[in-house]
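To start, the structure itself, in structure tokens.
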2 protein chains.
Amino acid sequence: MTVYAALRRLVVDGEIPTDRRVSEAELSARLQVSRTPVREALSRLEGDGLVDAQGRGVRVRVLPPAELEAVLEARAALESWAAGRLAERVGDGEIAPARLAELDALADASDAATRAGDLSTATHANREFHEAVARLAGNPVVEQTLATWWDRLVVATRSGLREPARVEQVDAEHRAILAAIRAGDADAARRATVAHAQHTIDTVRGTPE
Amino acid sequence: MTVYAALRRLVVDGEIPTDRRVSEAELSARLQVSRTPVREALSRLEGDGLVDAQGRGVRVRVLPPAELEAVLEARAALESWAAGRLAERVGDGEIAPARLAELDALADASDAATRAGDLSTATHANREFHEAVARLAGNPVVEQTLATWWDRLVVATRSGLREPARVEQVDAEHRAILAAIRAGDADAARRATVAHAQHTIDTVRGTPE
DNA sequence: TTCAGCCGTATTGCATGCAATACGGCTGAA
DNA sequence: TTCAGCCGTATTGCATGCAATACGGCTGAA
């Protein structure tokens, strides 16, 4: 499990070359363990869709455009569900308004980093915002699936794709989602999340390469 | 990979006792391979949420009620998305109406088996119907995630839960989903799917044990 | 020059062995 | 009788070794 976690981190953090195949021996030397636990971890990572192990050598998966879009669409589906569910819970009084302050803080952090031009921090904060929404929705299955998809996207978009200058828009969209959640308006929360996600999809589509 | 597939099948088909821990040696003897590939497969199955491997011996996961509901909710979220997307594609003329005949046939099969009282076949046909909708929606990520969740539910509901007598209702709901898809009405398709799923959730909730 | 076919070797996939570990039950005190 | 603590053993987790395999490049024909 620890080897799995370590290897996953290496993959997600971009510490493993994506332009060539890597041998099990290479990874085991790097992690100072034998090939056996490395193989186990790789098998799991393959299940997560993070690496490709057919043939000889393992390859970090950089998603082809079609699959990138598929993951983005899937993410939009679950995130909009989560936002709607959270709004319902707020409306039902299951979530104390104070807990929503966490979301405000994360949106603030995301916006601040974006304005400061700190892309890496901004990306991370943005993810944290969306993951917090999923967590507060109270469905661990959805939460975990989304986390896996985020990881896939991180790997896929590291080399190449960059969020372009729709910077201003992102923050406004986050605030719109939050407002709907706070109002307990599930429908509006879903719509706002779908719109937000759709903009990301459009951006990716419009960015060949 | 073959060992993984074989073991997964054993788990999903209920061929492995769920009431006790099973040792790696036991499974490797059964599959006629050494413990090494069995361990790899188990690690992956754990990632799929099908088994629990903490401590000593592996355990097939029978979902606790809270998690069962979480999976059902998550499934509803993705399936309603898929139904809506498929309806859009039909509306856009991307899907030839002839391909929807497949769905009719699967709904027929599900209904026929249900009326014949063949629960096992009915369950399978029902799953095929929903998986066909997901496939036609054209998003492999959604499709595969749903397949994994179906497997989890199969294992979880094998011992104990049984679909009760809302038999008539199920077919009517399938037809409603189909009608919305055929009409290219994404909103209606989503609503019909959510309603269908919600009935299942209500049923499970109402069936303690 | 191009490319089909082969061949050597790096690499995988699995089996096996062993130290570390976790469990089930036993012992003895309260 | 109950249960904390220990102890023996089944089981895991990892390392290692080896046969099977897949790849990269070489050879020679077209």
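Sequence lines set the chain letters: A, B, ... in the order given, protein chains first and strands last, and positions in each chain run from 1. Note that the structure is predicted; figures quoted are calculated from it, not measured.
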Measure the angle between the two terminal helix axes of the helix from dT1(C)-dA30(D) to dA30(C)-dT1(D), five base pairs each, and quote it to 10°.
30°

Under 3.5 Å, N/O pairs linking protein and nucleotides 4-9 of chain C:
none

State which residues pass side chain to side chain contact (heavy atoms under 4.5 Å, CB included) with Arg175(B); sequence neighbours excluded, sorted by chain then number.
Ala107(B), Asp108(B), Asp111(B), Asp171(B)

Contacts of Gln198(B) meeting side-chain hydrogen bond (donor to acceptor under 3.5 Å, both in side chains) (sequence neighbours excluded), chain-then-number -> Asp202(B)

Residues forming a salt bridge (charged side-chain N to carboxylate O under 4.0 Å, His left out) with Glu24(B), sequence neighbours excluded:
Arg35(B), Arg39(B)

Residues in side chain to side chain contact (heavy atoms under 4.5 Å, CB included) contact with Pro17(B), at least two apart in sequence or another chain
Asp19(B), Arg20(B), Val22(B)

Those residues that, when tested against Arg8(A), pass side chain to side chain contact (heavy atoms under 4.5 Å, CB included) (two or more places apart)
Tyr4(A), Val12(A), Leu45(A), Asp48(A), Leu50(A), Thr148(A), Asp151(A)

Sorted by chain and residue number, the side-chain hydrogen bond (donor to acceptor under 3.5 Å, both in side chains) partners of Thr121(A) (sequence neighbours excluded) come out as Asp118(A)

Under the side chain to side chain contact (heavy atoms under 4.5 Å, CB included) test, residues paired with Ala197(A) that sit two or more places apart:
Ala76(A)

Partners meeting salt bridge (charged side-chain N to carboxylate O under 4.0 Å, His left out) with Glu46(B) (sequence neighbours left out)
Arg44(A)

Output all residues satisfying salt bridge (charged side-chain N to carboxylate O under 4.0 Å, His left out) with Glu131(B), sequence neighbours left out; order by chain, then residue number.
Arg127(B)

Between His174(A) and His130(A), how do the two ring planes meet: parallel, tilted or perpendicular, split at 30° and 60°?
perpendicular

Residues in contact with DNA chain D, drawn from residues 24-37 of chain A - heavy-atom cutoff 4.0 Å
Val33(A), Ser34(A), Arg35(A), Thr36(A), Pro37(A)

Can you find a side chain N or O atom of Arg39(B) that sits less than 4.0 Å from OP1 or OP2 on dG13(D)?
yes

